[in-house]
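My questions will all concern the structure given below.
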Amino acid sequence: MERLRIQGGNRLTGEVSVAGAKNSVLKLMAAALLAQGRTVLYDVPDILDVRFMGDLLERLGCSLTPEGGGKLTIDVPETIHHEADYDLVRRLRASITVLGPLLARCHRAKVALPGGDSIGSRGLGMHVTGLAQMGAEIGIEHGFVVAEAPYGLHGTTILLDFPSVGATENLLLAATLARGTTLIDNAAREPEIVDIAEMLTRMGAKIGGIGTSTLEIEGPADLQSVEHRVVPDRMVAGTWAIGAAVTGGAVTLRNARADHLDVVLDKLARAGASVEAGPDHFTVRMDGRPQAVNIVTLPYPGFPTDLQAMMVALAAVSEGTSMVTENLFDGRFRFVQELARLGADVRTDGHHAVIRGRRMLSGAPVEATDIRAGAGLLLAGLVADGETLVSGVHHLDRGYPNLVGVLQGLGAQVLREPDDMAVG
Ligand code: EPU
């Protein structure tokens, strides 16, 4: 167990080169299962979750070769195993994304239920119902999703109750090998889903409506493995952009897509930051104290839930009162108790939080309970007076490559050290 020791007070200034998106690469790795052969991914971030997904693919029979510089080669054999055990799945919720590809390729799949986590209960109803509509016999048995489609999956029209990222991905992946046309209506349209659809298209899938809320997939495709560059991580870029605003600094994000962060950059501009954007980079600069802004999290292109904690940290030092509404995950305000330990004035009521900005926060030991909560606490620690210790840094390692190196490169006083207070 390790923690971060942060000496607050330095502005974040400088440049960060952003790697590929965690929430895309994990699904691209699952997509590789759809075709026998060699998939090569570029710009793969060096993060824990990629290692966990790699372990899972190896258990399914694939060979993985990380070649440095963000290149990852995945060799998928002709026959793959169809079972993903709890010991692997529980480490990584995204592993549920193998369900669709396994069912489509092996005509059966047995994937452990990932369970809830610290951001709240996370249902799978839409994954299950959609695959059943495509002809799978599917149910939950002894903690596993068990599915069979002895004659393969078939196309159908699926109307999602909610634009779920994971359900859209699972159904999209399965549909590429299903017979006939699958329509996914009310589909999620996050840039990571566009990235997956683009890789699938290069593999030979016929997908219409990419980037819209209606995806039309014509199957079955004769899929070939391909090479693909992962879309830049908008959550990493967004975290350091908000970090510039929180600390009154100036950060340039390279290999970053401002157009994937429209609402976020608009909010930062309203908070008083200046934003300059080019085609593959942008700079956020904040002079003076930020102004309070309200945010409401929504599916893309709305404000991303994954940047909510960082905006609460910004609100905690802004001038005025901010209101934040969380619509995606019921447990995503749990971290505010920790933020309060740094002196933040935050009150929550259900899925609303009211934050009265303070001029100063004060350093204290706090605990990160998930990756984004950890990032919010980290940004708050950077402006807190004195020393902040952030425990649970392994949560941040799940999605932030070279965390301490990046922070030190931006001028933060941060060290990583053994956590002598860690329990268990
Ligand atoms: N939901 C259901 N039933 C379903 C599917 C979803 O009730 O069948 C509910 C979930 O319980 C949740 C909401 O719908 O309350 C949103 O879930 P969604 O399926 O959209 O999210 P996800 O696929 O589980 C991905 C990202 C999350 C990100 C969300 C929303 C990955 C690996 N995870 O999760 O990222 O917050 O989309 O954008 O792609 C993170 O990176 O920190 C993270 C949690």
Side-chain angles (χ1 to χ4, degrees), residues 20-31 45 47-50 52-53 56 89 91-100 111 113-133 138 140 145 158-173 184 186-196 213 230-231 233-239 260-261 263-264 297-310 326-335 351 368-376 394-401:
K22 163 176 94 71
N23 288 349
S24 186
V25 71
L26 301 173
K27 327 304 173 62
L28 297 172
M29 292 169 78
I47 52 173
L48 265 184
D49 274 11
V50 167
F52 292 155
M53 193 64 159
L56 175 56
V89 171
R91 292 195 283 172
L92 180 67
R93 274 197 58 95
S95 50
I96 195 66
T97 322
V98 301
L99 179 64
V111 179
L113 280 172
D117 57 25
S118 61
I119 61 173
S121 53
R122 294 173 77 176
L124 290 179
M126 286 179 265
H127 302 236
V128 169
T129 312
L131 291 171
Q133 278 183 263
I138 186 163
I140 311 291
V145 183
I158 300 164
L159 174 59
L160 295 179
D161 291 346
F162 171 87
S164 153
V165 169
T168 302
E169 291 164 344
N170 239 329
L171 299 172
L172 168 64
L173 294 171
I184 309 174
N186 200 23
R189 48 199 171 115
E190 271 65 3
E192 295 75 26
I193 292 177
V194 171
D195 197 32
I196 297 159
S213 47
V230 187
V231 69
D233 198 315
R234 63 196 166 103
M235 300 314 167
V236 169
T239 299
H260 290 168
L261 285 163
V263 192
V264 178
T297 68
L298 284 170
Y300 190 82
F303 194 97
T305 174
D306 290 348
L307 293 175
Q308 181 253 96
M310 299 68 146
E326 169 60 47
N327 285 318
L328 278 292
F329 291 109
D330 48 20
R332 270 228 152 131
F333 281 141
R334 283 184 197 151
F335 81 101
H351 65 130
T369 47
D370 78 81
I371 166 180
R372 308 302 172 188
H394 59 281
H395 289 293
L396 285 145
D397 294 334
R398 299 188 58 173
Y400 291 91

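Being a predicted model, the structure only gives us computed values, none of them experimental. Throughout, numbering of the chain's residues begins at 1 and tracks the sequence. In what follows, every heavy atom counts, from backbone to side chain, and hydrogens, waters and symmetry copies are set aside. We count ligands from 1, going down the list as the structure has it; atoms in each ligand are counted the same way.
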Step-by-step side chain to side chain contact (heavy atoms under 4.5 Å, CB included) determination, Leu328 to Phe162: CA-CA 10 Å; Leu328 278 292; Phe162 171 87; 3.4 Å; yes
Contacting atoms of ligand 1, where contact means under 4.0 angstrom from a heavy atom of Ala94: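 Heavy-atom distances to Ala94 below 4.0 Å select 32 (C).
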Side-chain touch Ile140/Val145, heavy atoms, less than 4.5 angstrom: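 A side-chain contact exists here, since the closest heavy-atom pair is under 4.5 Å.
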Where ligand 1 meets Ile371 - atom numbers and elements under 4.0 angstrom, heavy-atom basis: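 By the 4.0 Å cutoff, the relevant atoms are 42 (O).
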Salt bridge (Lys or Arg N to Asp or Glu O under 4.0 Å) partner of Asp306, chosen from Arg332, Arg234, Arg398: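 Among the candidates, only Arg332 passes.
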Side chain, backbone, both or neither: the part of Met126 lying under 4.0 Å from ligand 1 by heavy atom: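 Under 4.0 Å from ligand 1, Met126 contributes backbone and side-chain atoms.
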Gly399 heavy atom under 4.0 Å from ligand 1: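 Per 4.0 Å heavy-atom rule, Gly399 does not contact ligand 1.
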Sub-4.0 Å heavy-atom contact, Met235 with ligand 1: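 No.
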Nearest heavy atoms of Gly166 and His127, plus distance in Å: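 Smallest heavy-atom distance, with atoms named: C-CE1, 3.3 Å.
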Considering all heavy atoms, the nearest Tyr400-Met235 contact: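 Reported closest heavy-atom pair: OH-O, 4.2 Å.
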Test item, Glu192 contacting ligand 1 (heavy atom, 4.0 angstrom):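 Per 4.0 Å heavy-atom rule, Glu192 does not contact ligand 1.
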Closest to atom 5 (C) of ligand 1 among Gly123, Gly130, Ala309 (heavy-atom distance):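 Selected option, by shortest heavy-atom distance: Gly123.
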Ala188 backbone acceptor or donor facing Thr168 side chain under 3.5 Å: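 Yes: the side chain of Thr168 pairs with the backbone of Ala188.
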4.0 Å heavy-atom contact, Arg332 with ligand 1: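 Judged by the 4.0 Å heavy-atom criterion, Arg332 does count as contacting ligand 1.
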Sub-3.5 Å N/O-N/O distance, Val165 and ligand 1: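 It does: an N or O of Val165 is found under 3.5 Å from an N or O of ligand 1.
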Atoms in ligand 1 with a heavy atom of His127 nearer than 4.0 Å: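 Heavy-atom distances to His127 below 4.0 Å select 8 (O).
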Under 3.5 Å donor-acceptor, Asp233 side chain and Lys22 backbone: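 Yes, because the side chain of Asp233 sits within donor-acceptor range (under 3.5 Å) of the backbone of Lys22.
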Validation row: Val230, Leu28 side chains within 4.5 angstrom (heavy atoms):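 When only atoms from C-beta onward are counted, Leu28 and Val230 do touch, with a gap below 4.5 Å.
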Gly125 neighbourhood, listing ligand 1 atoms whose heavy-atom distance to it stays under 4.0 Å: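 It comes down to these atoms of ligand 1: 3 (N), 4 (C), 8 (O).
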Contact with ligand 1 for Leu26, non-hydrogen, under 4.0 angstrom: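 The answer is no: ligand 1 sits nowhere under 4.0 Å from a heavy atom of Leu26.
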Shortest reach to atom 23 (O) of ligand 1 by a heavy atom, considering only Pro163, Ala167, Gly166, Gly374: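 Comparing heavy atoms across Pro163, Ala167, Gly166, Gly374, the nearest one to atom 23 (O) of ligand 1 lies in Gly166.
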Side chain to side chain contact (heavy atoms under 4.5 Å, CB included) between Val165 and Lys27, intermediate numbers included: CA-CA 11 Å; Val165 169; Lys27 327 304 173 62; 4.3 Å; yes
Distance filter under 4.0 Å to Lys22 heavy atoms, resulting ligand 1 atoms: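 So the atoms of ligand 1 that pass are 40 (C), 41 (O).
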Proximity of Tyr300 to ligand 1 by residue part, where a heavy atom lies under 4.0 Å: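 Answer for Tyr300: neither.
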Interfacing atoms of ligand 1 (cut-off 4.0 Å, heavy-atom, Lys27):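 Answer, ordered by atom number: 31 (C), 32 (C), 39 (O).
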Sidechain-backbone polar pair: Asn170 side chain, Ile96 backbone, donor-acceptor under 3.5 Å: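 Yes: the side chain of Asn170 pairs with the backbone of Ile96.
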Polar atom proximity, Arg93 to ligand 1 (N or O, under 3.5 Å):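 By distance alone, the answer is no.
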Audit row: Leu26, Thr97, side chain to side chain contact (heavy atoms under 4.5 Å, CB included) steps and yes/no: CA-CA 8 Å; Leu26 301 173; Thr97 322; over 6 Å; no
Atoms in ligand 1 flagged as close to Arg372, the criterion being non-hydrogen separation under 4.0 Å: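 So the atoms of ligand 1 that pass are 40 (C), 41 (O), 42 (O).
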Asp306, portion touching ligand 1 at heavy-atom distance under 4.0 Å: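 Under 4.0 Å from ligand 1, Asp306 contributes side-chain atoms alone.
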Test item: Leu160 and Ser213 side chains (from C-beta on) under 4.5 Å apart, heavy atoms: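 Counting from C-beta outward, Leu160 and Ser213 never come under 4.5 Å.
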Atoms of ligand 1, numbered as shown, that sit under 4.0 Å from any heavy atom of Leu328: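 Under 4.0 Å from Leu328, ligand 1 has these atoms: 12 (C), 13 (C), 15 (O), 16 (C).
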